Colleague: 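Below: one structure in structure tokens.
Residue numbering restarts at 1 for every chain, and letters A, B, ... go by the order of the sequence lines. Treat the numbers as computed from the prediction; the structure is a model and nothing was measured.
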There are 2 protein chains.
Amino acid sequence: MAPRVGLTPERLTRAGAELADEAGFEEVTVSALARRFGVQVASLYSHVKNSHDLKTRIALLALEELADRGAAALAGRAGKDALAALANVYRDYAREHPGRYAAAQLRLDPAAAAASAGVRHSQMTRAILRGYDLTEPDQTHAVRLLGSVFHGYVSLELGGGFSHSAPDSDETWTRVLDALDALLRNWPAPRLP
Amino acid sequence: MAPRVGLTPERLTRAGAELADEAGFEEVTVSALARRFGVQVASLYSHVKNSHDLKTRIALLALEELADRGAAALAGRAGKDALAALANVYRDYAREHPGRYAAAQLRLDPAAAAASAGVRHSQMTRAILRGYDLTEPDQTHAVRLLGSVFHGYVSLELGGGFSHSAPDSDETWTRVLDALDALLRNWPAPRLP
DNA sequence: ACACTTGCCTAAAAGCTTTAGGCAAGTGCA
DNA sequence: TGCACTTGCCTAAAGCTTTTAGGCAAGTGT
């Protein structure tokens, strides 16, 4: 055995993300990761504080990757084009990397959350809304709605909620994007009680 | 110690649900439950197949409770009234019982899923759509959209995504419901490419 | 009163987490 | 080149969770 394998927090995080995609995020464990590197379990504790720390790092990696993809997809697009592009980033990422996507759903403590790419995500959604005519408080409402739909749809679809029933989930997805576009172009005023 | 505590699968499931709400669904463990009943760990294995079985039972309980509340809330309501009532059932349940709500998100194997209250949930959402003018394929699209928004919003809100930023999440929630109502009253035709 | 069922017990193996302390492979500096 | 120093991975060990196997005695039915 090579005396030094070259462990680093970054390599552990990447390997953990791969393991999550292959076996599911719940299977990501310090032991499993050590096994994967052919190394004793205790060795990982020099690079990672504990199991929770490892999972948090994977979550932060996933959020960064998602934000990077989102930024790339948004470049040069506006309006419905931009809306669909960002939405597809989330959906495609979740399908390609289900374990990482699950990791991104991890509840982060406030410290980690502040240092995460979470802000970039809401900024990207807000950027999309520049193509529509919404004033300030409504923009925030719309950001939250879009976030809810993207996350909710992807998460239900990944859980198998839409499989085995017609029509096809792809068709619903395009119709949902049509509907959101229509809604944003015609955002309703607050309803008086 | 009383020689027989009176364990049953039902009591274990209920106690597990309470534990989930108090400590979080990840803390629900056969050991913790045994501790709570003042009983040896191995004793639980006569009533519950294994850890996964226990969690599945809690998930099924939560789905049933949610469906019951939904049915009660929907009785005698239609249109936007019904929409808001069902939506609030999800949101309120998640706030009152965060652990149970997390349990309801558990990936069920197809067997358990078929025996779950999942069908009642989509039927209730479909019932709401009777107050709007949608024909068949669009109804399914709308059911999926509503499910996504309800689940997505509640889950982001529970994760703290909307706290510590103005405006208040309650306000966004009512505006989101207004928006969904408007959207359903004005459901867009498929956009031709 | 009897056998029978069954509820909870003890025992034990196996896996994951985490801490403490050690040795030797690399690194820096004279 | 040789030395001290850092640090990467190791062994050891304790604690907790899961799960199976087998046992005794509290209830149940006849």
Colleague: Nearest of D:dT11, D:dT18, D:dC9 to any side-chain atom of A:L7?
Modeller: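 Looking only at side-chain atoms, A:L7 lies closest to D:dC9.
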Colleague: Without decimals, in angstroms, what is the distance between B:Q40 CD and D:dC16 P?
Modeller: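 Answer to the nearest Å: 14 Å.
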Colleague: Side-chain donor-acceptor contacts of residues 127-136 of chain B below 3.5 Å, not counting sequence neighbours, with atom names and distances?
Modeller:
residue, atom, partner, partner atom, Å
B:Y132, OH, B:K80, N, 3.4
B:Y132, OH, B:D181, OD1, 2.6
B:E136, OE1, B:R126, NH1, 3.4
B:E136, OE2, B:T140, OG1, 2.9

Colleague: Counting just side-chain N and O atoms, does B:T29 come under 4.0 Å of either OP1 or OP2 of D:dC16?
Modeller: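 So the side-chain polar atoms of B:T29 never come under 4.0 Å of the phosphate oxygens OP1 or OP2 of D:dC16.
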Colleague: Is B:R69 paired with B:D92 through a side-chain N to carboxylate O contact shorter than 4.0 Å?
Modeller: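 Salt bridge flag = no for B:R69 with B:D92.
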Colleague: Any residue in residues 41-57 of chain B with a heavy atom nearer than 4.0 angstrom to DNA chain D? Just list them by number, or reply none.
Modeller: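 Per residue number, the list reads B:V41, B:A42, B:Y45, B:N50, B:S51.
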Colleague: Taking side chain to side chain donor-acceptor pair (under 3.5 Å) as the cut-off, I'd like each qualifying pair that reaches into residues 26-51 of chain A, sequence neighbours left out, listed once.
Modeller: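 Non-adjacent pairs meeting side chain to side chain donor-acceptor pair (under 3.5 Å): A:E22-A:R36.
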Colleague: Using whole Å, what does the distance between atom C1' of nucleotide D:dC9 and atom CG of A:L33 come to?
Modeller: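 Roughly 15 Å, once rounded to whole Å.
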Colleague: Starting from P on C:dG15, measure out to CD on A:E27 and report it in whole angstrom.
Modeller: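 Value for this atom pair: 14 Å.
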Colleague: Ring centroids only, cut at 6.0 angstrom: are A:F162 and A:Y153 within range, meaning strictly under it?
Modeller: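 Between A:F162 and A:Y153, the centre distance is under 6.0 Å.
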Colleague: Tell me yes or no: between the side chains of B:Y101 and B:S155, is some donor less than 3.5 Å from an acceptor?
Modeller: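 Per modelled atom types, B:Y101 and B:S155 side chains form no pair under 3.5 Å.
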Colleague: Is B:R35 near enough to D:dC16 that one of its side-chain N or O atoms lies under 4.0 angstrom from OP1 or OP2?
Modeller: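 No, because none of the side-chain N or O atoms of B:R35 sits under 4.0 Å from OP1 or OP2 of D:dC16.
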Colleague: With rounding to the nearest 0.5 Å, note down the distance linking CG in B:L44 to CG in B:D53.
Modeller: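 Taking CG in B:L44 and CG in B:D53, the distance rounds to 11.5 Å.
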